[in-house]
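Throughout, protein chains are lettered first and strands after them, A, B, ... in sequence-line order, and every chain is numbered starting at 1.
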Amino acid sequence: MGKIPPRQRGGIFKQNTLLAASRQHLEPLMTAPVARASYNVGYDIKLALPLALFFLVFFITPLLLLFFVSLHADPGMARMGLDQFRRFLTDPFSLQVLGSTLVIGVEVTALCLVLGYPLAWLFVRSPGWLRTILILIILLPLLTSVIVRTFAWIVILGRLGIVNSTLMALGLIDTPLRLLYSESGLVFALAQVHMPLMVLPLITALSRIDPSLSDASAALGAGAWRTFLRITVPLTLAGIFAGCLLTYCMSLTAFITQSLIGGGQMTLMPAYIYQQAATLQNWPFGAAISIVFLVAVLAAVTVFNLLGRLAPGVART
Amino acid sequence: MRRRPDFGTISLNATLGVLAGACLILLTMPTIVVLMVSFTSGFSLRFPPPGYSLHWYAALTDAWQLQFAAYNSFKVAAWTTLLSVVLGVAAALAIARSKRLSAAILDSIFMSPLILPGLAFGLAALIFFALIGLPVSPLTLVIGHTIVCVPFVIRVTIAALTQLDPSLLESSASLGASRWYTFRRVTLPLIGSSILAGAFLAFMSSFDNIPVSLFLRNAGTDMLPIRMWQDLESLLDVKIAAVSGVLIAITLALMLVMERLAGLSKRLR
């Protein structure tokens with residue numbers, strides 16, 4: 001430690017080091033907050049002010065403006081009205097776009113969970129050197145450009161891609177399958193792109209479990225499957241909901257992967273917003289789609305958060 | 001007490017092991033495929049490549065459009081990172097450990113850009129800048145990117161501050177150090193590596209951002225991921241494979257450096 005301003009060294013100095021030292025031993029026994037109140041080590045909430053202002057001007061105001069624009073009846077924004085929302089909610093095409101976006105999100109999340117949970121489980125059981133390799137494999141896709149990851153899937157799923165050439169070499173098919181621009185291709189690509197977001201919270205949740213719990217379960221005669229399904233999985237529910245929330249939201253809004261792998265035939269919400277707002281320059285309708293989409297995503301977040309809050313209770317029963 | 005593995009244990013381990021293996025293949029295959037295709041000697045994205053050569057990498061040296069876009073992306077990402085760290089660390093200090101309601105509300109507002117659709121925010125920001133008469137420029141890009149990148153800095157910094165033993169700060173305060181002195185000599189050295197990791201995440205996410213850039217850029221501020229996206233949509237150019245190869249190499253190198261300097265993998269969990 002460096003120098004301490006001498007004028008602040010008072011009689012209080014000695015007394016408080018003693019207090020701090022004794023507290024270290026007593027801490028586990030005491031209810032900490034009472035003792036801690038003596039020194040205010042927290043920072044002033046005012047430090048958040050610059051960012052709060054920044055968000056107010058450049059995040060909240062634009063979103064409110066977006067809502068305001070969506071309340072206009074015509075693209076020229078001359079007349080107010082709920083016409084854009086009425087148009088969206090009565091148009092079968094728009095509703096189908098919203099529906100298929102939400103459904104694809106569910107499919108991607110389910111695939112990520114089914115494949116990601118075992119990987120997290122493997123990670124927690126691995127020795128140190130293997131963990132380093134595994135974490136690198138998990139993190140690399142998270143940090144490489146989305147374009148790069150999506151581009152790989154074009155190569156894999158293309159007419160002359162790996163899947164088709166393998167299937168043809170095995171004699172299973174005669175003509176290349178159309179995998180690119182198909183829903184199943186898109187689900188796999190989105191699952192790969194967002195897998196790390198599922199695996200990382202699961203690793204955290206799994207490594208927090210006390211291993212003696214499974215030992216106890218085994219000692220009481222439960223089989224491995226029963227222990228896994230009744231002990232391990234319920235104890236990681238919070239991690240499962242956290243992972244599902246991230247994967248679901250991210251796969252709903254993954255514009256690039258959706259548009260490159262899904263192609264023109266499959267319009268999903270982000271592409272719909274872009275098409276209306278940027279290509280057709282219809283700001284009010286584009287804004288209305290954005291608002292509907294924001295509300296849908298927020299609803300999903302709320303559902304997952306509620307489930308996550310219930311999770312510890314579920315685990316205890 | 002170790003029991004002999006029974007059928008249940010074996011079948012559970014086998015099932016989970018096979019699924020984990022499938023997941024590992026799913027995670028690694030795309031990167032390997034891109035790297036292999038980028039060294040192709042042919043002119044299409046055929047896999048496996050008919051032969052190997054470096055000529056697509058050589059072609060990058062005079063792909064001025066891509067270089068210009070990469071330079072723009074780098075510039076915007078650097079400014080975004082700086083702004084995100086300054087604003088984000090200050091906000092994290094204020095929010096972390098605070099039990100106030102205002103802190104909780106601010107926290108969820110600051111985190112919301114992570115979850116909300118980027119494209120919707122991009123459109124909102126475009127409408128906003130059009131209204132206040134600020135033309136799209138690198139400045140609007142930096143502002144938009146900061147909104148979506150600052151959550152990374154905040155999240156990682158708050159995590160580090162929560163793990164910080166408060167008795168260290170209390171001892172410093174009780175020894176008479178001022179709050180600023182404690183921040184510089186105690187807090188900052190302890191959370192510095194986390195801030196570095198957060199800055200790295202913010203940089204990567206800005207460099208890779210498309211949804212916000214899509215609305216806030218113009219021809220003068222072409223961004224690398226958008227350039228690549230448009231090239232891919234129009235002509236499935238093999239040059240993009242070479243760019244991808246370069247990006248993967250840089251990402252991997254930065255990741256290893258960050259792992260050494262900042263323990264990146266620990267910060268992300």
Side-chain angles (χ1 to χ4, degrees), chain A residues 2 4 8-9 16 20 39 41-43 45 47-48 50-52 54-55 58-59 62-63 65-66 69 115-116 118-119 121-122 135 137 141 143-149 151-152 155-156 160-162 192 195 200 203-204 223-225 228 249 253 255-256 270 273 277 286 290 293-294 297 301, chain B residues 8-9 12 16 19-20 22-24 26-28 30 33-34 37 45-47 87 90-91 93-95 97-98 102 106 109 115-120 123-125 127-128 143 147 166 169-171 173-177 185 204 208 210-211 225 228-229 232 240 244 247-248 251 255 265 268-269:
Chain A
I4 289 148
Q8 284 180 30
R9 283 192 201 163
N16 282 307
Y39 281 102
V41 292
Y43 288 87
I45 194 86
L47 274 173
L51 189 64
F54 191 83
F55 264 65
F58 297 117
F59 183 64
L63 288 180
L65 195 62
L66 186 75
V69 167
L115 293 177
L119 183 58
W121 179 86
L122 181 72
I135 201 77
I137 292 176
L143 295 168
T144 34
S145 167
V146 170
I147 289 278
V148 174
R149 285 181 273 167
F151 171 67
V155 180
I156 293 168
L160 300 169
I162 305 176
Q192 188 261 334
M195 186 67 80
L200 291 173
I203 287 178
T204 312
W225 279 98
F228 178 72
C249 291
T253 59
F255 173 58
I256 290 304
I273 296 175
S290 303
F293 193 33
L294 280 171
V297 172
V301 172
Chain B
T9 314
L12 177 74
L16 292 177
L19 287 173
C23 188
L24 282 175
L26 188 73
L27 280 172
T28 44
V33 166
V34 168
V37 167
L45 296 172
R46 178 189 285 272
F47 192 91
L87 294 174
L93 286 171
I95 297 172
R97 291 176 180 280
S98 173
S102 57
L106 282 177
I109 292 175
I115 304 250
L116 295 179
L119 218 59
L123 174 62
I127 296 174
F128 173 74
I143 292 173
I147 294 285
L169 307 180
E170 279 165 26
S171 338
S174 72
L175 289 169
R185 301 300 297 258
M204 296 310 275
D208 189 31
I210 288 182
M228 290 169 76
W229 173 53
L232 274 182
I240 300 303
S244 302
L247 286 180
I248 291 174
T251 309
M255 258 177 77
S265 57
L268 282 175
R269 267 187 276 142

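Comparing A:A277, A:A152, A:P62 by heavy-atom pairs within less than 4.5 Å of chain B, the highest count is held by A:P62. With chain B as partner, the option from A:V301, A:V148, A:T144 having the largest number of non-hydrogen pairs under 4.5 angstrom is A:V148. Ranked by heavy-atom pairs shorter than 4.5 Å toward chain B, the options A:L122, A:L294, A:I273, A:L63 are led by A:L294. Between chain A and the options B:L106, B:L232, B:L247, the largest number of non-hydrogen pairs under 4.5 Å is found for B:L232. Heavy-atom pairs under 4.5 Å with chain A peak, among B:I147, B:L119, B:V34, at B:I147. Taking B:I109, B:L87, B:L12 one by one and counting their heavy-atom pairs under 4.5 Å with chain A, the maximum is reached by B:L12. Interface remark: of the candidates B:G118, B:G8, B:A124, B:A124 forms the most heavy-atom pairs closer than 4.5 Å to chain A. Across A:G286, A:C249, A:A224, A:P118, the residue that shares the most heavy-atom pairs under 4.5 angstrom with chain B is A:P118.
Under the rule for a ring pair (Phe, Tyr, Trp, His ring centres under 6.0 Å), the partners of A:F59 that lie at least two apart in sequence or sit in another chain are A:F55, B:F121.
Residues B:A120 and A:L66 come closest through the heavy atom pair O-CD2, 4.0 Å. Closest heavy-atom contact between B:M255 and A:L143: CG-CD1, 3.4 Å. Of all the heavy atoms in B:L26 and A:Q192, the pair that sits closest is O-CG, 3.0 Å. The two residues B:L123 and A:S290 make their nearest non-hydrogen contact at CD2-OG, 3.7 Å.
One finds the CZ atom of A:F58 at 4.0 Å from the CD1 atom of B:I143 (value rounded to the nearest 0.5 Å). Atom CZ of residue A:F228 and atom CG of residue B:L16 lie 4.5 Å apart, to the nearest 0.5 angstrom. Note that CD1 of A:I256 is 3.5 Å distant from CD1 of B:I210, once rounded to the nearest 0.5 Å. Residue B:L24 holds its CG atom at 10.0 Å from CG of A:L115, rounded to the nearest 0.5 Å.
With a 4.5 angstrom heavy-atom cutoff, A:V297 touches chain B only via side-chain atoms. Contacts between A:I45 and chain B at a heavy-atom distance below 4.5 Å involve backbone atoms as well as side-chain atoms. There is no contact between B:P211 and chain A, counting heavy-atom distances below 4.5 Å. Only the side chain of A:P141 comes within contact range of chain B, judged by heavy atoms closer than 4.5 Å.
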| request: Could you go through the side chain to side chain contact (heavy atoms under 4.5 Å, CB included) check for B:L27 and A:L119 one step at a time? | output: CA-CA 11 Å; B:L27 280 172; A:L119 183 58; 3.7 Å; yes
